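Worksheet: one structure, shown below.
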There are 2 protein chains.
Amino acid sequence: MEKIRQNTLHGEVAERIRDLIAQGTLAPGSRVPEKQLCEQFGVSRTPLREALKVLAYEGFVELLPNRGARVAKLTRATLKNTFEVMQSLEALAGELAGERITETELANIEALHYQMLSHYKRGNMQEYLLANQQIHEAIVVASQNDVLIDVYKNLNHRVRRVRFTAELSNDYWSQAISEHESMVEALRARDGAALGGILSRHLRNKVEMSALEEMAE
Amino acid sequence: MEKIRQNTLHGEVAERIRDLIAQGTLAPGSRVPEKQLCEQFGVSRTPLREALKVLAYEGFVELLPNRGARVAKLTRATLKNTFEVMQSLEALAGELAGERITETELANIEALHYQMLSHYKRGNMQEYLLANQQIHEAIVVASQNDVLIDVYKNLNHRVRRVRFTAELSNDYWSQAISEHESMVEALRARDGAALGGILSRHLRNKVEMSALEEMAE
DNA sequence: ATATGGCCTTATGAATTCATAATTAGGATT
DNA sequence: AATCCTAATTATGAATTCATAAGGCCATAT
């Protein structure tokens with residue numbers, strides 16, 4: 001059984017533009033050149049402009065009447081607000097995951113956890129952050145709440161461009177590692193309340209945030 | 001300084017379609033007739049289709065490739081998930097509002113609270129629910145977290161069509177009233193933690209949800 | 001009688017065209 | 001030389017046109 005191709009043209013275009021923004025090719029505050037992107041993607045303006053409408057709603061660009069789209073600036077305030085919300089969503093995800101997580105998902109998270117530990121020991125920050133990120137996403141998915149998953153993914157998308165550029169202190173590293181240990185333990189015990197508590201305890205993101213805030217705007 | 005008029009045509013159209021969905025003119029599961037709506041609104045298909053892309057992203061409609069848009073069904077599962085997330089966001093809003101709320105906002109909420117009480121005493125459910133809703137929205141706004149406000153408003157939008165049709169038990173009413181009393185007290189005391197706790201205590205929404213779930217699907 | 005297949009109609013997806021607002025360049029004036 | 005005003009250019013917003021896929025209808029075969 002082959003899955004039906006769900007992809008739409010404007011969806012593809014939106015994805016490509018998100019990438020351009022995330023990798024910094026389209027700088028914050030700069031205008032989005034419709035014509036040029038059309039040529040680059042080989043599509044007409046119609047699907048591209050449809051994509052821009054969606055991106056505007058997602059918060060990646062802002063539409064100025066008769067002046068087209070600009071890449072949204074990620075201000076410190078916005079970044080802080082986004083993390084506040086994501087943190088709260090993670091806490092909820094933790095609670096729910098504790099009740100609903102499957103064996104497979106748990107095993108997957110444990111595997112990611114050990115990968116993360118090994119990256120930590122080798123001092124490989126990029127890989128560490130990736131595994132870290134994947135663990136958080138996996139917990140959100142394990143909540144089995146589709147609305148939560150959607151909202152979280154969108155917010156995560158928005159801050160993607162600053163996530164992997166942070167320099168973290170050693171203090172933060174060891175702190176985060178120990179919190180992750182507790183998280184996996186809580187998951188094993190199917191203790192949603194504990195997991196939610198850990199995830200909402202502000203520590204992790206607050207420290208991460210202070211590092212990330214320097215990146216923004 | 002006059003605020004710049006941000007209205008765009010596709011934005012207007014989106015708003016109109018949201019209304020049509022909320023008031024049931026466009027029934028869940030039915031297709032969205034592009035041509036007919038174009039004539040009705042007096043616009044061409046371009047802005048209407050742009051609006052549909054946004055509405056799809058917001059969760060109001062779903063796009064089937066080469067088969068246009070249909071009004072999304074609000075299933076019980078989706079409704080439950082949406083309330084779970086909203087409840088979590090309200091809890092966060094409560095925490096933040098406790099720290100950040102202004103005198104004016106507090107006074108406004110107190111006024112709404114007394115309005116709500118009077119509607120309660122008169123047994124006017126419609127007005128009661130409206131005031132109730134406005135209090136929750138005001139708390140979210142008082143959080144001063146724009147990301148939170150945006151996400152909350154969108155979710156609230158989605159469930160709008162079932163919000164004011166519920167029949168609530170007397171038990172629920174008195175329970176909810178007493179919880180609201182505590183909320184206002186916590187706000188007066190600027191006790192964000194307490195407020196967050198009250199808002200996340202599941203009771204209100206869980207009961208409300210069970211009434212609402214009968215509406216969905 | 002029902003199911004299958006081809007034709008015709010209709011609606012969607014995307015490109016193109018058209019109108020208008022914004023930006024730029026150039027010239028006139030101070 | 002600097003500034004203001006006007007014309008030309010460009011880009012955006014929206015309508016229209018075009019290509020194609022889906023849905024309906026009828027004829028034919030089983």
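Remember, it's a predicted structure, so these values are computed and weren't measured experimentally. In the text below, chain A, chain B and the rest are named by the order of the sequence lines, each starting its count at 1. Just so it is clear, the values below take in all heavy atoms, side chains as well, and ignore hydrogens, waters and symmetry mates.
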Atom CG of A:Leu48 and atom P of C:dA15: how far apart are they, to the nearest Å?
10 Å

To the nearest angstrom, how far is A:Lys35 atom NZ from C:dA15 atom C1'?
15 Å

B:Glu34 CD to D:dT16 P, straight-line distance once rounded to whole Å
15 Å

Assuming nearest nucleotide by heavy-atom distance, tell me which of A:Arg70 and A:Leu9 is located more 5' along DNA chain C.
A:Leu9

For B:Leu64 and C:dG13, give me the distance from atom CG to atom C1', rounded to whole Å.
14 Å

Atom-pair distance (NE2 on B:His10; P on D:dT12), nearest Å:
15 Å

I need the CG-C1' distance between B:Asn66 and C:dG13, as an integer number of Å.
7 Å

Phosphate OP1/OP2 of D:dA11 contacted by A:Arg67 side-chain N/O (<4.0 Å)
no

Sub-4.0 Å heavy-atom contacts from residues 36-47 of chain A onto DNA chain D, ordered by number:
A:Arg45

Do A:Arg16 and A:Leu37 have side chains that approach each other closer than 4.5 Å (heavy atoms only, starting at C-beta)?
no

Just grab all the side chain to side chain donor-acceptor pair (under 3.5 Å) pairs involving residues 54-68 of chain B, residues at least two apart or on different chains.
A:Tyr57-B:Glu58, A:Glu58-B:Tyr57, A:Asn154-B:Tyr57, B:Arg18-B:Glu58

Could you give the CZ-to-P distance, from A:Arg49 to C:dT16, as a whole number of Å?
16 Å

Residue met sooner reading DNA chain D from 5', once B:Arg31 and B:Glu50 are mapped to nucleotides:
B:Glu50

How about A:Thr102 and A:Gln144: do any of their side-chain heavy atoms sit closer than 4.5 Å?
yes

Is A:Glu84 salt-bridged to A:Lys80, going by a charged N under 4.0 Å from an acidic O?
yes

Please examine the side chains of B:Ile101 and B:Leu96, heavy atoms only from C-beta on, and report whether any two atoms are closer than 4.5 Å.
no

With the threshold set at 4.0 Å, does a side-chain nitrogen-carboxylate oxygen contact exist between A:Glu39 and A:Arg45?
no

